[in-house]
Amino acid sequence: MDLGATLCTRSKPKCGDCPVRSDCVALNTGRVNELPAPRPKKAVPERHAIFLLLMHGNDILLEKRPGSGIWGGLWCPPQFDDEAAAKDWFMRNGMEASHGERLATFSHTFTHFKLHITPLKIQLSRKPVRAAQPGSVWLDVEEALGAAIPTPVRKLLENI
Ligand code: SF4
């Protein structure tokens, strides 16, 4: 007999009909409502990322994600594991900032992990060569909102 499925249900255990009632610790200690204790929730792994919101006037640079992985095939701002990697990429691409600001970090929960994203909004003094690279596109923010972008990016662009 599957006790857990028939008699010993978590919400309404039928202790009166239970064949193991004499040995039941929960019943004998008056803790039928407490035992078994719920399984502790598994901690969700947390990761961090930087979004580079590269602006030229009201245009923003978006990159197409690889087909597999998170936000596969969607358009997103360039993403990095940390600020050092973002800065390195920025310098290697010969970009020049006229103004920069760090926006509030926000979180997005995926099935297997939580991603904390810190957007760095940088106004460029000129549009870099990267504009011509395949998989990258400069779009007016309004146009970008109409493109295939993930929800967190949409929320970000709506408040940029
Ligand atoms: S006696 Fe114990 S094992 Fe049986 S139904 Fe009650 S709580 Fe569950």
Side-chain angles (χ1 to χ4, degrees), residues 1-55 58 60-90 92-93 100-122 133-160:
M1 182 195 294
D2 184 351
L3 274 182
T6 53
L7 292 171
C8 193
T9 58
R10 195 177 286 276
S11 56
K12 279 187 188 165
K14 297 185 184 99
C15 302
D17 301 331
C18 182
V20 298
R21 53 179 292 129
S22 56
D23 296 321
C24 177
V25 173
L27 184 66
N28 294 334
T29 58
R31 292 187 292 158
V32 170
N33 293 332
E34 297 165 33
L35 298 175
R39 272 194 213 114
K41 275 196 182 156
K42 223 173 158 186
V44 181
E46 307 207 11
R47 298 186 197 166
H48 296 265
I50 299 289
F51 268 176
L52 268 191
L53 305 181
L54 297 170
M55 310 288 302
N58 201 40
I60 183 165
L61 178 67
L62 295 179
E63 293 184 337
K64 192 165 193 168
R65 294 260 180 179
S68 60
I70 63 166
W71 300 322
L74 300 181
W75 293 91
C76 289
Q79 182 184 324
F80 303 90
D81 290 342
D82 53 43
E83 278 194 49
K87 189 175 176 187
D88 181 58
W89 181 90
F90 187 85
R92 275 191 288 109
N93 282 281
E101 63 180 309
R102 181 193 308 268
L103 305 184
T105 298
F106 64 96
S107 303
H108 185 77
T109 305
F110 294 92
T111 323
H112 301 301
F113 67 97
K114 194 172 194 176
L115 186 62
H116 303 286
I117 301 168
T118 302
L120 301 180
K121 183 181 173 188
I122 297 176
Q133 292 197 6
S136 297
V137 66
W138 283 93
L139 290 176
D140 178 89
V141 172
E142 282 302 314
E143 280 180 278
L145 284 168
I149 55 176
T151 305
V153 174
R154 181 172 306 283
K155 284 186 189 159
L156 193 55
L157 296 191
E158 281 169 352
N159 295 299
I160 209 169

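Since this is a predicted model, take the numbers as computed values, not measurements. One-based numbering, in listed order, for ligands and for the atoms of each.
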Taking the inter-plane angle between the rings of His108 and Phe110 on a 0 to 90° scale, is it parallel (under 30°), tilted (30 to 60°) or perpendicular (over 60°)? perpendicular
Which residue, Asn28, Thr29, Asn33, forms the side-chain hydrogen bond (donor to acceptor under 3.5 Å, both in side chains) with Arg31? Thr29
Please could you name the atoms of ligand 1 that Cys24 approaches to less than 4.0 Å, counting only its heavy atoms? 1 (S), 2 (Fe), 3 (S), 7 (S)
Polar side chain donor-acceptor pair, Ser107 to His116, under 3.5 angstrom: yes
Could you check whether any side-chain heavy atom of Val141 comes within less than 4.5 Å of a side-chain heavy atom of Met55, counting everything from C-beta outward? yes
Below 2.8 Å, can you find an N, O or S atom of Cys18 next to atom 8 (Fe) of ligand 1? no
Distance under 4.0 Å to a non-hydrogen atom of Arg21: what atoms of ligand 1 satisfy this? 1 (S)
If you measure from CD1 on Ile122 to CG on Leu54, what distance do you get to the nearest 0.5 Å? 6.0 Å
Closest to atom 3 (S) of ligand 1 (heavy atoms only, candidates Cys8, Pro19, Ser22) is Cys8
Under 2.8 Å from atom 6 (Fe) of ligand 1, is there an N/O/S atom belonging to Cys15? yes
